[in-house]
Amino acid sequence: MAYVDGYVLPVPSARLDDYKRMARKAGKVWKEHGALAYVEAVAEDVKPGKRTSFPQAVKLKEDEVVIFAYVVFRSRAHRDKVNAKAMADPRLAGMGPKDMPFDGKRMFWGGFTPFVQL
């Protein structure tokens with residue numbers, strides 16, 4: 001069964017086009033290095049909840065949108081190899097924390113082992 005890296009982050013609405021360009025570039029790099037799927041999605045139907053929600057999790061500001069994304073790999077070992085190659089790819093060299101079109105301090109991510117895959 002596959003392995004999935006998932007992440008959620010806030011992006012200023014004014015920087016959404018910059019983020020989309022960056023995501024397309026990153027997705028191409030990850031796929032070329034072996035990722036099975038690369039998906040980035042902008043929130044459309046996410047409202048603040050009473051206890052928790054996507055907007056609350058990233059401390060969403062009024063002028064921001066939530067991005068939900070995931071990358072699929074064959075296994076965790078495959079993920080580790082693909083990520084190492086992607087992070088060393090020179091096309092991503094200018095993507096340091098200060099260059100990102102979002103606040104990385106409010107981003108969260110993790111690796112997951114699927115238990116249902118239909």
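Residue numbers count from 1 along this sequence.
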Q. Which heavy atom in Val71 sits nearest to a heavy atom in Ala35, and how many Å separate them?
A.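 For Val71 versus Ala35, the nearest heavy atoms are CG1-CB, 3.6 Å.
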**Q.** Shortest non-hydrogen separation from Pro48 to Ser53 and the atoms involved
**A.**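 Looking at all heavy atoms of both residues, the closest pair is CA-OG, 3.4 Å.
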Q) Quick one: does Phe68's side chain get under 4.5 Å of Val39's, heavy atoms only? A)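 Side chain of Phe68 against side chain of Val39, heavy atoms only: no contact under 4.5 Å found.
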Q) Are Val46 and Pro55 side-chain neighbours, meaning at least one heavy-atom pair lies under 4.5 Å? A) yes
(Q) Strictly by ring pair (Phe, Tyr, Trp, His ring centres under 6.0 Å), give each pair with a member in residues 20-40 just once, sequence neighbours left out. (A) none
Q: Just jot down the side-chain hydrogen bond (donor to acceptor under 3.5 Å, both in side chains) partners of Lys50, sequence neighbours excluded, or say none.
A: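 side-chain hydrogen bond (donor to acceptor under 3.5 Å, both in side chains) list for Lys50, sorted by chain: empty.
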Q. Can Arg91 and Asp89 be counted as an ion pair, charged N to O under 4.0 angstrom?
A.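 Asp89 and Arg91: salt-bridged.
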**Q.** Charged N-O contact under 4.0 Å between Arg15 and Asp17
**A.** no
Q: Could you tell me the separation between the CZ atom of Arg79 and the CZ atom of Arg74, rounded to the nearest 0.5 Å?
A: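 It is 14.0 Å, given to the nearest 0.5 Å.
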(Q) Rounded to the nearest 0.5 Å, what separates atom CZ in Arg76 from atom OH in Tyr3? (A)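 One finds 4.5 Å between CZ of Arg76 and OH of Tyr3.
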Counting only pairs under 3.5 Å, give me each side-chain donor-acceptor contact of residues 20-27, with atom names and distances, residues two or more places apart or in other chains.
{"unit_1": "Arg21", "atom_1": "NH2", "unit_2": "Asp18", "atom_2": "OD1", "d": "2.4"}

**Q.** Val11 reachable from Val42 in the ILVMFWY side-chain graph, under 4.5 Å edges
**A.**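 Same cluster: Val42 reaches Val11 through Ile, Leu, Val, Met, Phe, Trp or Tyr contacts under 4.5 Å.
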(Q) Check for me, please, whether Leu60 and Tyr19 land in the same ILVMFWY cluster - side-chain distances under 4.5 Å, paths through other members count. (A) no
Show me the donor-acceptor pairs within less than 3.5 Å that the side chains of residues 100-114 make with the rest of the protein, sequence neighbours left out.
{"unit_1": "Asp103", "atom_1": "OD1", "unit_2": "Lys105", "atom_2": "N", "d": "3.0"}
{"unit_1": "Asp103", "atom_1": "OD2", "unit_2": "Arg106", "atom_2": "NE", "d": "3.0"}
{"unit_1": "Arg106", "atom_1": "NH1", "unit_2": "Val58", "atom_2": "O", "d": "3.0"}
{"unit_1": "Arg106", "atom_1": "NH1", "unit_2": "Lys59", "atom_2": "O", "d": "2.8"}
{"unit_1": "Arg106", "atom_1": "NH1", "unit_2": "Glu64", "atom_2": "OE1", "d": "3.0"}
{"unit_1": "Arg106", "atom_1": "NH2", "unit_2": "Glu64", "atom_2": "OE1", "d": "3.4"}
{"unit_1": "Arg106", "atom_1": "NH2", "unit_2": "Glu64", "atom_2": "OE2", "d": "2.6"}

Q) Who are the side-chain contact (heavy atoms from CB on, under 4.5 Å) partners of Ser13, not counting sequence neighbours? A) Val65
Q | side-chain contact (heavy atoms from CB on, under 4.5 Å) partners for Val72, two or more places apart | A |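 Per chain and number, Val72 pairs via side-chain contact (heavy atoms from CB on, under 4.5 Å) with Ala2, Val4, Leu36, Ala37, Tyr70.
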**Q.** Side chain Glu40, main chain Ile67, donor-acceptor under 3.5 Å
**A.** no
